[in-house]
Amino acid sequence: MLKQRHFLSLSDYSSFDIKLLLDTADEMKKHPKPFRKALKGQILIMIFETPFLRTRISFEAGMSHLGGTTQVLASEDIRLDWDEPIADTAAVLSRYVDGIMVRTRQHQTVLDLAESGTVPVINGLTDLENPCQALADLQTLREKFGRLEGLKLTYIGDGNNMAHALLHATARTGMDCTLIMPRTEKYQCLPGVVARAREEHEQQGTRLHITDDLNAARGSHVIYTDTWVSMGQEADRVQRIEAFRGYSVTQEVMELAGSSAVFMHCLPAYRGYEVMPEVIDGPQSIIYDQAENRMWAQMAVLYHLLGEE
Ligand code: NVA
């Protein structure tokens, strides 16, 4: 049984709890049948303030596989930043449904919903962290390598929500983490997140290395990147593309990592920018396995949060 009531950040989860979620996700993927009624009669409400293709479909499909149903509130139905107080929204929704998944910009919104509601809240992506994707990525890596401990993951690009989630995900699972990004402060991970992740890595005895040198990708098992222009940053697009030139994942970067390394991306991807087409569409890419495992990993989260008393 999980110790947490919500799924807001991987940093809230112990190594033990992450392993439990991954084991459940694997079991569901291998043997989905026994889980078909696990959440029968339960309703997950999904609140989207930002675009949501993969998140919506993977949660809808996941709830269906578990026998539950979903309802969607999109940004035209609700604006958590200026409608009624979040405490009221959370309290009322908790009377109707069994769980809340929210995808929004402000992480504080997710924290407020969790604090004021009485049902589990799942972070479907905020500007601070993308924990569902990182959990799916751990599942994907365990499938590919048969283990997580001792792997070296190198993330190249923007110090964004994905990088933050990977900082915690690696620390919790015994993986070394290298971040390669420009030195400019606004493209780096938030100092508070790095400090916390550094402590987590020190406790685990794993290595956290942050640099602007692409050579640090040498010997990585995993090369990971994300868009240079996240949702909400569109106005800075030109400046960002300029700042990140030179940080594309090219075939040369993959060669530095080695022939057994895998390439990962949380999607949506922009070919020719953060990654070259020959890499993302090449034999080392495992992006569609990651996308598939979003569903299984989220199903494990739903099962443990909504299904256990
Ligand atoms: N960093 C990206 C992740 C999308 C899944 C964004 O926030 O837009």
Side-chain angles (χ1 to χ4, degrees), residues 7-10 46-62 74-75 80-81 101-110 122-140 153-170 177 179-182 184 186-190 193-194 197 222-241 243-244 247-249 263-275 280 285-298 301:
F7 188 71
L8 308 180
S9 164
L10 283 183
M46 306 193 287
I47 304 176
F48 291 104
E49 292 194 304
T50 49
F52 48 69
L53 174 75
R54 255 168 308 276
T55 305
R56 175 172 178 173
I57 304 302
S58 57
F59 270 102
E60 277 181 353
S75 49
L80 290 170
D81 53 348
M101 191 289 298
V102 58
R103 179 168 181 153
T104 183
R105 303 260 339 258
Q106 303 272 340
H107 192 73
Q108 190 59 42
T109 304
V110 179
I122 297 170
N123 174 2
L125 180 90
T126 64
D127 282 351
L128 189 71
E129 205 178 314
N130 192 2
C132 290
Q133 181 65 54
L135 189 68
D137 296 337
L138 292 175
Q139 184 185 8
T140 311
L153 180 147
T154 297
Y155 174 94
I156 304 175
D158 189 21
N160 61 15
N161 43 12
M162 199 59 242
H164 290 168
L166 291 171
L167 276 171
H168 299 306
T170 49
C177 182
L179 302 179
I180 304 179
M181 44 193 48
T184 313
K186 75 170 174 176
Y187 303 129
Q188 295 260 327
C189 292
L190 291 176
V193 176
V194 173
V222 188
I223 300 291
Y224 203 119
T225 190
D226 185 11
T227 179
W228 294 338
V229 187
S230 282
M231 279 173 266
Q233 297 173 335
E234 293 78 5
D236 283 346
R237 190 169 185 276
V238 174
Q239 195 193 19
R240 288 188 147 262
I241 289 172
F244 284 103
Y247 290 87
S248 304
V249 178
F263 170 77
M264 298 180 97
H265 193 307
C266 56
L267 305 181
Y270 300 92
R271 288 162 173 78
Y273 293 92
E274 73 270 14
V275 58
I280 192 166
S285 174
I286 55 170
I287 57 168
Y288 300 128
D289 296 313
Q290 294 176 258
E292 176 185 349
N293 285 339
R294 277 288 296 273
M295 184 181 77
W296 299 110
Q298 288 163 188
V301 171

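Counting convention: from 1, in listed order, for ligands and their atoms alike. By convention here, the first residue in the shown sequence is residue 1.
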Asks: Applying ring-ring contact (aromatic ring centres under 6.0 Å, His included), can you list everything that pairs with Phe263, at least two apart in sequence or on another chain?
Replies: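 Counting only residues at least two positions away or on another chain, Phe263 forms no ring-ring contact (aromatic ring centres under 6.0 Å, His included).
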
Asks: Using heavy atoms and a 4.0 Å limit, tell me yes or no: is Thr55 in contact with ligand 1?
Replies: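 Thr55: no contact with ligand 1 (<4.0 Å).
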
Asks: Flag yes if more than 12 heavy atoms outside Arg237 fall under 6.0 Å of its CZ atom; otherwise flag no.
Replies: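 No - once you tally the heavy atoms of other residues, nucleotides and ligands closer than 6.0 Å, there are 12 at most.
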
Asks: Below 3.5 Å, N or O to N or O, backbone or side chain included: is there any such pair between Asn161 and ligand 1?
Replies: yes

Asks: Are any of the N or O atoms of Asp226 closer than 3.5 Å to those of ligand 1?
Replies: yes

Asks: Would you say Tyr273 has more than 12 foreign heavy atoms packed within less than 6.0 Å of its OH?
Replies: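 No, the 6.0 Å shell around OH holds no more than 12 heavy atoms from other groups.
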
Asks: Is there a donor-acceptor contact under 3.5 Å from the side chain of His265 to the main chain of Ile287?
Replies: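 It does not hold such a pair.
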
Asks: Starting from atom 5 (C) of ligand 1, locate the nearest protein heavy atom and write down its residue, its atom name and how far away it is, to 0.1 Å.
Replies: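 Ranking protein heavy atoms by distance from atom 5 (C) of ligand 1, first comes Leu267 O, 3.5 Å.
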
Asks: Report the nearest protein non-hydrogen atom to atom 2 (C) of ligand 1: residue, atom name, distance rounded to 0.1 Å.
Replies: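 Its nearest protein heavy-atom neighbour is Ser230 OG, 3.3 Å.
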
Asks: Which ligand 1 atoms, with their elements, are less than 4.0 angstrom from a heavy-atom of Met231?
Replies: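 That gives atoms 6 (C), 8 (O) of ligand 1.
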
Asks: Evaluate the criterion side chain to side chain contact (heavy atoms under 4.5 Å, CB included) for residue pair Met181 and Tyr187; output intermediate values, then yes/no.
Replies: CA-CA 7 Å; Met181 44 193 48; Tyr187 303 129; 5.6 Å; no

